[in-house]
Amino acid sequence: MEAIKLYNTLSRSIESFSSIIPGKVGMYVCGPTVYGPPHLGHVRGPIVFDVFRRLLLKKGYQVRFVRNITDVGHLVGDADEGEDKLQKQARLEQIEPMEVAQAYTDSYNWVMDAMNVMRPSIEPKASGHIIEQIEMIQSIIEAGLAYESNGSVYFDVDAYQANHHYGKLSGRVLDDLMAGAGNASRELEGQSEKRSAHDFALWKKASPEHIMQWSSPWGKGFPGWHIECSAMSAKYLGSEFDIHGGGMDLLFPHHECEIAQSTAAHKHEPARYWMHHNMITINGQKMAKSLNNGIKVSELFEGNHPLLSRGFGPNTLRFFVLQAHYRSTLDFSQDALEASEKGLKRLLEAFKKLDELTPSAESTLDVDSVIRDLNQALLEDLNTPISIAQFFEIAKFINSAADNKAKLSAVDIQKLKDAVGEYFEGILGLQKTEQNDNHEVMDEIMQILIQLRGEAKQEKNYALSDAIRNRLKDKGIELMDSKEGTTWKRS
RNA sequence: GGUCGGAUGGCCGAGCGGCUAGGCAGAGGUCUGCAAAACCUUUUACACCGGUUCGAAUCCGGUUCCGACCUCCA
């Protein structure tokens with residue numbers, strides 16, 4: 001089996017990957033909190049980890065890929081202290097919290113499907129694993145590393161610190177955290193119940209008006225902010241599994257807390273490799289709700305956003321994401337999207353010619369080395385931009401051969417076809433055809449037809465103008481004339 | 001304030017000690033009824049100041065900017 005190298009946040013270095021059980025990989029990725037429509041930031045992680053999963057599969061591993069849905073427990077900012085995000089949204093929309101969660105889960109998965117991200121092997125919901133979370137909290141209490149206080153349960157960081165290193169993943173030092181805590185003006189709810197400011201909640205007591213609450217040994221409440229991932233990863237992948245992935249913004253406190261909780265409950269660390277992808281930025285800043293600079297995926301697809309003059313398809317978005325290395329920030333702009341779209345189009349046009357090439361007796365191009373580099377790049381910490389660069393080499397080969405400026409043998413042509421199938425489609429997960437259900441582009445086309453038909457009408461060439469209208473109608477598009485002009489719609 | 005990361009040509013983005021990254025845009029050419037596509041050629045780089053080295057975008061030190069995390073976040 002070829003060696004896969006990946007950057008492990010735990011060691012801050014690139015390591016050779018080896019699985020706990022030979023040939024099998026357990027992978028857990030933090031999924032979305034489903035309280036809002038999917039935005040651009042939701043897109044990068046799933047794509048990156050999807051490519052890594054596909055790489056593992058292609059290299060012969062059996063992979064169990066778990067990605068959770070968080071539908072409970074997270075609190076909103078200080079403006080809405082103590083109120084569950086889902087509850088808040090539900091109140092606004094006058095529907096059940098679970099209905100909100102379901103709707104956003106569906107739209108999230110719709111986006112994932114559109115981007116050709118494989119569905120997880122298991123997609124556990126936090127709300128469906130309350131018992132597991134309670135059990136895990138109990139074992140942490142039994143280990144003497146958590147305490148109950150006024151109906152809530154907190155993780156005792158100081159007690160844990162006696163025998164473990166809280167902060168080993170993120171490189172935090174407890175004293176620094178204290179220094180930082182003094183700086184934070186915001187007073188979190190229940191701070192006085194804690195023995196120490198850096199203790200974090202495993203279970204939170206719910207106020208009576210709190211809709212989402214469950215019975216527990218400590219009274220009615222809801223699980224803490226980090227316990228779900230620990231409980232669900234252990235349930236489906238075992239208390240020790242291979243890879244845990246997520247965004248860099250989750251490194252601290254979320255993943256740090258996961259390590260502490262799991263270690264407290266299971267006496268050993270949960271994951272061997274921690275993978276973190278970097279953020280998508282816009283004008284150099286990450287997209288965040290607090291900055292109000294997020295772009296919804298639907299807005300991107302439709303071009304319905306102040307920063308966009310037109311829409312871009314999901315395949316383009318996936319390509320755009322993979323043109324940057326996953327550990328670098330990726331700056332979003334219309335220009336960057338356009339460059340990706342054009343580049344992708346060039347690749348797809350070249351691939352189409354693959355079937356029409358007339359083979360030569362021998363090749364004048366080194367197909368093997370390009371494919372070798374392509375494979376090597378993916379094995380080296382998932383260097384997708386380099387692997388894509390090799391596909392541009394391949395496109396150049398194909399185009400040159402099509403122009404009779406180079407020769408490719410039948411064997412090499414087949415190798416290129418296989419590379420497109422195995423790597424471009426199989427691992428990078430890119431589609432060979434961009435389904436252009438793009439309203440902006442469609443509308444531009446329609447405006448041209450409408451204008452031509454208008455000119456025909458001016459010349460009283462009604463045979464032609466009617467022919468245009470009738471033939472469009474046959475294709476399911478209706479033209480409607482009015483004083484203000486002609487509009488169109490799908491009938 | 002603490003911790004960590006980054007500054008690459010008009011834009012996006014690789015590289016991390018010597019060898020063209022790549023894409024988009026720009027320029028010239030070939031082809032072409034015109035366009036487009038394609039092909040060939042080509043212009044713009046490594047924030048700044050020192051140091052190590054035969055050789056540095058790449059290593060070390062300093063400076064200046066920018067960002068992430070410390071709070072829900074992908």
Side-chain angles (χ1 to χ4, degrees), chain A residues 9 12 29-33 35-36 38-49 67 70 73-80 84-85 108 167 170-188 197-198 200 225 245-254 256 276-281 283-291 294 319-325 327-347 349-350 353 373 377 383-393 395-396 398-406:
Chain A
T9 309
R12 292 174 186 266
V29 172
C30 290
T33 304
Y35 70 105
H39 63 88
L40 261 188
H42 285 120
V43 144
R44 193 174 190 184
I47 291 174
V48 165
F49 296 122
R67 188 180 63 216
T70 297
H74 285 250
L75 297 177
V76 293
D78 47 1
D80 305 286
D84 193 284
K85 272 179 186 172
Y108 179 80
S170 59
R172 304 286 154 148
V173 179
L174 218 46
D175 293 344
D176 297 335
L177 288 173
M178 293 300 281
N183 189 41
S185 54
R186 178 180 25 260
E187 185 60 23
L188 285 171
H198 46 236
F200 55 90
W225 307 290
M248 278 186 183
D249 51 348
L250 298 178
L251 225 161
F252 189 91
H254 186 60
E256 199 70 70
H276 293 276
H277 69 264
N278 218 134
M279 305 290 103
I280 290 181
T281 58
N283 297 321
Q285 279 196 312
K286 81 158 182 169
M287 286 186 191
K289 270 143 239 138
S290 52
L291 294 167
F319 186 74
F320 171 69
V321 166
L322 294 179
Q323 266 192 304
H325 185 76
R327 287 193 285 116
S328 301
T329 54
L330 172 59
D331 204 46
F332 173 88
S333 68
Q334 165 135 339
D335 284 349
L337 255 309
E338 271 176 8
S340 287
E341 187 182 58
K342 284 184 186 168
L344 175 62
K345 189 180 164 215
R346 208 171 127 219
L347 292 183
E349 291 296 323
K353 294 182 193 164
D373 290 351
N383 200 324
T384 55
I386 298 252
S387 70
I388 286 174
Q390 301 314 310
F391 274 110
F392 281 105
E393 270 315 292
K396 197 171 260 186
I398 296 167
N399 286 326
S400 298
D403 268 22
N404 294 316
K405 290 186 172 141

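Chain naming here is simple, since letters A, B, ... match the order of the sequence lines and numbering starts at 1 in each. Quantities reported herein were computed from a predicted structural model and do not represent experimental measurements.
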**Q** How far, in whole Å, is rA38(B) from rA68(B) if one measures between their P atoms?
**A**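 Rounded to whole Å, the distance is 38 Å.
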
**Q** On RNA chain B, compare the nucleotides closest to Pro46(A) and Glu349(A); which residue's is nearer the 5' end?
**A**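 The 5'-side residue here is Glu349(A).
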
**Q** Just checking, Arg172(A) and Phe252(A): is the charged tip under 6.0 Å from the six-membered ring centre and within 45° of the axis?
**A**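 Checked: cation-pi criterion met.
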
**Q** So how far is it from Tyr108(A) OH to Thr33(A) OG1, rounded to the nearest 0.5 Å?
**A**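 Interatomic distance, Tyr108(A) OH to Thr33(A) OG1, rounded to 0.5 Å: 10.0 Å.
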
**Q** Rounded off to whole Å, could you give me the CG-to-C1' distance for the Asp331(A) and rC66(B) pair?
**A**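 Atom-to-atom, Asp331(A) to rC66(B), this comes out as 12 Å.
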
**Q** Say we look at rG5(B) and rC59(B): how far apart would their P atoms be, to the nearest angstrom?
**A** 12 Å

**Q** Out of curiosity, Met279(A) CE to Gln285(A) CD, how far, rounded to the nearest 0.5 Å?
**A**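 Here the rounded value is 14.0 Å.
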
**Q** Rounding to an integer number of angstrom, what distance separates rC65(B) and rU8(B) when you compare their C1' atoms?
**A** 16 Å

**Q** Just the rounded figure in Å: distance from P of rC12(B) to NE2 of His325(A).
**A**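 From His325(A) NE2 to rC12(B) P: 19 Å.
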
**Q** With P as the reference atom in both, quote the distance from rU20(B) to rC34(B) in angstrom, rounded to an integer.
**A** 38 Å

**Q** With rounding to the nearest 0.5 Å, note down the distance linking CD1 in Ile388(A) to CD in Gln323(A).
**A**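 Rounded to the nearest 0.5 Å, the CD1-CD separation comes out at 5.5 Å.
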
**Q** Need one value for Ser328(A): base, sugar-phosphate or nothing, where a base atom within 4.0 Å counts as base even if backbone is also close, heavy atoms only.
**A**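 Sugar-phosphate, backbone atoms only, no base.
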
**Q** Under 4.0 angstrom, heavy atoms only, what part of the nucleic acid is Leu40(A) near: base, sugar-phosphate, or nothing?
**A**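 If one applies the 4.0 Å heavy-atom cut-off, Leu40(A) turns out to touch nothing in the nucleic acid.
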
**Q** Using Watson-Crick or G-U wobble geometry with both distances below 3.5 Å, tell me the partner of rC39(B), or none.
**A**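 With both distances under 3.5 Å, rC39(B) matches rG29(B).
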
**Q** For rG13(B) versus rG6(B), give the span between their P atoms, rounded off to a whole number of Å.
**A** 15 Å

**Q** Would you classify Gly247(A) as touching base, sugar-phosphate or nothing, given that sugar-phosphate means primed atoms plus P, OP1 and OP2, and contacts are heavy atoms under 4.0 Å?
**A** sugar-phosphate

**Q** Go through rA38(B), rG13(B), rC69(B) for me and flag the one nearest to the Asn399(A) side chain.
**A** rA38(B)

**Q** Can you tell me the distance, in whole Å, between the NE2 atom of His276(A) and the C1' atom of rC69(B)?
**A** 12 Å

**Q** State the pairing partner of rU53(B); accept Watson-Crick or G-U wobble contacts with both distances under 3.5 Å, and report none otherwise.
**A**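 rU53(B) is unpaired by these criteria.
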
**Q** Using whole Å, what does the distance between atom C1' of nucleotide rA74(B) and atom NE2 of His39(A) come to?
**A**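 Going from NE2 in His39(A) over to C1' in rA74(B) covers 7 Å.
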
**Q** Sort out the partner of rA14(B) for me: Watson-Crick or G-U wobble, both distances under 3.5 Å, none otherwise.
**A** none

**Q** Using a heavy-atom cut-off of under 4.0 Å over every strand shown, decide if Ile280(A) touches base, sugar-phosphate, or nothing.
**A** base

**Q** Can you see if the side chain of Thr33(A) gets near the phosphate of rA74(B) - specifically, an N or O under 4.0 Å from OP1 or OP2?
**A**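 For rA74(B), OP1/OP2 do have a side-chain N/O of Thr33(A) under 4.0 Å.
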
**Q** Is rG67(B) paired to anything, Watson-Crick or G-U wobble with both distances less than 3.5 Å, and if yes, which nucleotide?
**A** rC4(B)

**Q** Where each residue is assigned the nucleotide of RNA chain B containing its nearest heavy atom, which of Asn383(A) and His277(A) is assigned the position nearer the 5′ end?
**A** Asn383(A)

**Q** Round to a whole Å and report the spacing from CG of Asn278(A) to C1' of rG5(B).
**A** 8 Å

**Q** In whole Å, what is the span from the CZ atom of Phe200(A) to the P atom of rC69(B)?
**A**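 Between P of rC69(B) and CZ of Phe200(A): 19 Å.
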
**Q** If you round to the nearest 0.5 Å, how far is CG of Leu344(A) from CZ of Phe392(A)?
**A** 7.5 Å

**Q** Which value, in whole Å, describes the distance between the P atoms of nucleotides rC11(B) and rG50(B)?
**A** 26 Å

**Q** Distance between the C1' atoms of rU30(B) and rA37(B), in whole angstroms?
**A**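 Comparing C1' positions in rU30(B) and rA37(B) gives a spacing of 14 Å.
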
**Q** Could you check whether any side-chain heavy atom of Gln390(A) comes within less than 4.5 Å of a side-chain heavy atom of Glu393(A), counting everything from C-beta outward?
**A**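 Counting from C-beta outward, Gln390(A) and Glu393(A) do come under 4.5 Å.
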
**Q** Which nucleotide, rC4(B), rC70(B), rG13(B), lies nearest any side-chain atom of Arg12(A)?
**A**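 Comparing rC4(B), rC70(B), rG13(B) against the side chain of Arg12(A), the answer is rC4(B).
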
**Q** P atom, rG26(B) versus rC69(B): distance in rounded Å?
**A** 37 Å

**Q** Checking the side chain of Arg44(A) only, and the main-chain atoms of Val321(A) only, is there a donor and an acceptor separated by less than 3.5 Å?
**A**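 Side chain of Arg44(A) to backbone of Val321(A), a donor-acceptor pair under 3.5 Å: no, none is there.
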
**Q** Taking the side chain of Met279(A) as its heavy atoms from C-beta onward, which of rC69(B), rA74(B), rC39(B) lies nearest to it?
**A** rA74(B)

**Q** Strictly below 4.0 Å: does Asn404(A) bring a side-chain N or O up to OP1 or OP2 of rA38(B)?
**A**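 False: Asn404(A) side-chain N/O out of range (4.0 Å or more) of rA38(B) OP1/OP2.
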
**Q** Starting at CG of Asn278(A), measure out to CG of Asp249(A) and round the result to the nearest 0.5 Å.
**A** 9.0 Å

**Q** Figure out the CD/P separation between Glu256(A) and rG2(B), and round it to whole Å.
**A**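 Taking CD of Glu256(A) and P of rG2(B), I get 20 Å after rounding.
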
**Q** Reading nucleotides 17-35 of chain B 5' to 3', which nucleotides get B (base under 4.0 Å from a protein heavy atom), which S (sugar-phosphate only), which -?
**A** ----BSBSS----------

**Q** Kindly compute the distance separating CZ (Arg327(A)) from CG (Asn383(A)), expressed to the nearest 0.5 Å.
**A** 9.5 Å

**Q** With sequence neighbours excluded, what pairs up with Leu251(A) under the side-chain contact (heavy atoms from CB on, under 4.5 Å) test?
**A** Thr9(A), Leu169(A), Ser170(A), His276(A)

**Q** Can you measure Asp249(A) atom CG to rG5(B) atom C1' for me and round it to whole angstrom units?
**A** 14 Å

**Q** Counting side-chain heavy atoms from C-beta on, which of rC70(B), rC73(B), rC40(B) comes nearest to Arg172(A)?
**A** rC70(B)

